[in-house]
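A short worksheet on the structure shown next.
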Amino acid sequence: MKKKIFTFSTLTFIVISLISSCKKEVKENDKNVVTETDSVKTEIISGPIPNTNMTPEYIKTLSANIYLWAWPMVNMHNRKLMFEKVPYPVLGKGILPLSSINHIAMLTDYVDAEEREVACPNQDVVYGLAPLDLTKDAVIVQVPDFGDRFWVYQVCDQRTEGFAKLGKMYGSKPGFYLLTSSDWKGKVPDGINAVFKSTTTFNVVIPRVFQSDDPSDKKAIQPLISQINVYPLADFDGKMKKVDYTKLPKTPADKVVAKQETQWVNPELFFDQLATVLKEVPPLKGEEVWYAQVQSFLDAINKDPKLKAIAKQSAIDSEKNLIKPLFQFENVGYAVKFNWTTQKNGAQFGTDYLTRTACAKSNIFVNRPIESKYFYQDFDSARVKLSGSNKYTITFAKGETPPVKGFWSLTLYDEHHFFASNELKRYSLGTKNKNLKYNADGSLTLYVQNSKPDADKIDNWLPAPKGIFSLYVRCYWPEEKTLKDEWSPPAVLKTK
């Protein structure tokens, strides 16, 4: 009997020991699994193997994706090539501010209606433009004392992303600001308000300074315009440099004014330029794997003429079928009320490649949302294309004009997103117009039509062309309700 008890106890001990041993082993193995998992997370993910076989269909498919993604950066690259040929600040074709790299050219009044280098200009501000290559030198940006006047300097990189906060909405002080490359190691001189760094080779500074239609305001703005300046750090002496921009040299005007924006992206050259663009624009955090895919694609097509021909044709097809539709405002951003569309990540697109390219195609150089909120319109309230063969009204209820801390405007563009010539040379209505007539109930009705309205409506008339056109609402320094889409423009109503 005792022997049996001993045997049972021994077996029980052995079983318990085995169980404990198994538990311990499992626990140790679990530790190993966790450790292994953690190590995988920190390893560099392997990319495409060199000389991997790529089928024609794969090349065709990937080409389209790359074309959409890189289109804005190639667009900017080709603008850079143009600016590198400009020897000093001029008015290109007599109307457009063009400058040599790391300097600025300013207009002294609204942009001319015949400008064709940048779609969707506006006649609410005085523009300037400075092309930058911060690998050459750090750059000084001068900001005069604008007082109560609205102003913002758009500072964007080759992705069309804003990388500096300079404007009234940021509380920026008058004085000097320094723009540098991300790896700049120089000494910041005394007297600099702030330093902003860019990761890309090509960048632009585009000052926008509000100006009303009042002749006295056009005169009052001139001393401020003369103090706006951009120049290399080597020229900085701590003193405000003034320039009389009315004396800028002018290059000859085109004999025939083009209807469309200058073609900045040539699909036939796209993949030949892309390798250079990848060097000019380093990947964002998280884009490294995508860059590896793109580089392997370029390596493959550059070794095989047949694959390169497929990629080239895909680029041509993508320009027509993928990019061209993004020119239409109905395909930009997302829909809000009454067929208007908008976007809320302008100049801070990140990896929203679709919206970035849509904006670059339809209205490049959009501001950050806090700087300006945009609303786009191609249709009337019945979703019929806007046309000068019809008459329309847009009525803002009392207290419901665009909620802004800066200014607002309604601009009309022809089918190519440029101003439509008219006898009044009027292309927008809004804050700048001091003679707008409000209705008895406090509402504001704007009349959009080709034919001249009755005399009592002339001040509120936005002349339209005979053909297709679009409308565009700008809300500079928008209030919170505008940013959150709690406000959007009223319907465009077709009238008799």
Side-chain angles (χ1 to χ4, degrees), residues 76 79-80 83 86 88-89 97-108 125-147 149-210 221-245 248 347-348 365 367-368 370-372 476-477:
M76 292 286 281
R79 291 177 190 267
K80 173 178 177 282
F83 280 113
V86 180
Y88 44 77
L98 298 177
S99 182
S100 50
I101 298 293
N102 292 352
H103 293 84
I104 192 170
M106 288 292 304
L107 296 177
T108 55
V125 299
V126 176
Y127 282 111
L129 198 150
L132 309 179
D133 183 348
L134 298 175
T135 65
K136 295 181 180 295
D137 193 3
V139 166
I140 294 290
V141 176
Q142 280 189 185
V143 174
D145 187 349
F146 289 105
R149 188 182 297 272
F150 175 89
W151 67 280
V152 63
Y153 287 16
Q154 182 180 18
V155 185
C156 69
D157 63 19
Q158 197 163 332
R159 298 185 192 89
T160 66
E161 300 270 350
F163 71 90
K165 297 178 179 180
L166 272 178
K168 193 172 181 65
M169 68 290 304
Y170 300 116
S172 302
K173 297 178 181 179
F176 306 99
Y177 295 82
L178 188 65
L179 306 181
T180 78
S181 62
S182 58
D183 59 354
W184 184 75
K185 304 297 183 183
K187 180 181 179 182
V188 178
D190 294 337
I192 299 298
N193 290 345
V195 179
F196 301 106
K197 295 178 177 290
S198 172
T199 60
T200 68
T201 298
F202 182 56
N203 310 270
V204 294
V205 178
I206 305 176
R208 291 173 171 88
V209 185
F210 177 76
I221 199 175
Q222 297 309 312
L224 298 174
I225 297 299
S226 69
Q227 296 177 66
I228 297 174
N229 212 334
V230 174
Y231 47 86
L233 174 59
D235 296 336
F236 179 64
D237 60 6
K239 299 177 182 179
M240 294 290 279
K241 302 181 188 299
K242 296 183 179 181
V243 179
D244 185 353
Y245 292 106
L248 285 182
Q348 50 188 41
F365 299 132
N367 291 83
R368 286 182 175 190
I370 192 176
E371 297 169 0
S372 185
Y476 275 92
W477 196 1

Next on the checklist: Tell me whether K241 forms a cation-pi arrangement with Y231, defined as NZ or CZ under 6.0 Å from the six-membered ring centre and within 45 degrees of its axis.
Outcome noted: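 The answer is yes; both the distance and angle limits are met.
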Between [atom1] of [X] and [atom2] of [Y], what distance do you get to the nearest 0.5 Å?
X    : Y    : atom1 : atom2 : value
Q142 : I140 : CD    : CD1   : 8.5 Å
K242 : I228 : NZ    : CD1   : 13.0 Å
L98  : F83  : CG    : CZ    : 5.5 Å
I206 : I104 : CD1   : CD1   : 9.5 Å
K80  : L132 : NZ    : CG    : 11.5 Å
T108 : Y127 : OG1   : OH    : 15.0 Å

Locate the shortest heavy-atom distance separating [X] from [Y]; write the atom from each residue and the value.
X    : Y    : result
A105 : P89  : CB-CB, 4.1 Å
V126 : L107 : CG1-O, 3.2 Å
D190 : F236 : O-CE2, 3.7 Å
Y88  : V86  : O-CG1, 3.2 Å
H103 : P131 : O-CD, 3.4 Å
F210 : R149 : O-NH1, 2.9 Å

Taking the side chain as C-beta and beyond, is there a heavy-atom pair between [X] and [Y] under 4.5 Å?
X    : Y    : answer
D133 : T201 : yes
L179 : V195 : no
F365 : M76  : yes
W184 : L233 : yes
L166 : V152 : no
F150 : M169 : yes
R208 : N367 : yes
V139 : L178 : no

Taking atom types as modelled, find out whether [X] and [Y] have a side-chain donor-acceptor pair closer than 3.5 angstrom.
X    : Y    : value
E371 : Y170 : yes
Q222 : Y245 : no
S198 : N203 : yes

Next on the checklist: Are more than 12 heavy atoms, taken from residues, nucleotides or ligands other than D237, located less than 6.0 Å from that residue's CG atom?
Outcome noted: yes
Checklist entry - What do the steps show when you test V155 against K165 for side-chain contact (heavy atoms from CB on, under 4.5 Å), and what is the final call? => result CA-CA 8 Å; V155 185; K165 297 178 179 180; over 6 Å; no
Checklist entry - Going through the checks in order, is the side-chain contact (heavy atoms from CB on, under 4.5 Å) test met by N102 and K136? => result CA-CA 9 Å; N102 292 352; K136 295 181 180 295; 4.1 Å; yes
Checklist entry - When you look at Q227 and F146, which way does the side-chain contact (heavy atoms from CB on, under 4.5 Å) test go after all the steps? => result CA-CA 10 Å; Q227 296 177 66; F146 289 105; over 6 Å; no
Item to check | Test item: R368 side-chain N/O and G162 main-chain N/O as donor-acceptor pair under 3.5 Å | outcome: yes
Checklist entry - Any sub-3.5 Å donor-acceptor pair from S182's side-chain atoms to T199's backbone N or O? => result no
Next on the checklist: One pair to check against side-chain contact (heavy atoms from CB on, under 4.5 Å): S172 and Y153. What are the steps and the verdict?
Outcome noted: CA-CA 10 Å; S172 302; Y153 287 16; over 6 Å; no
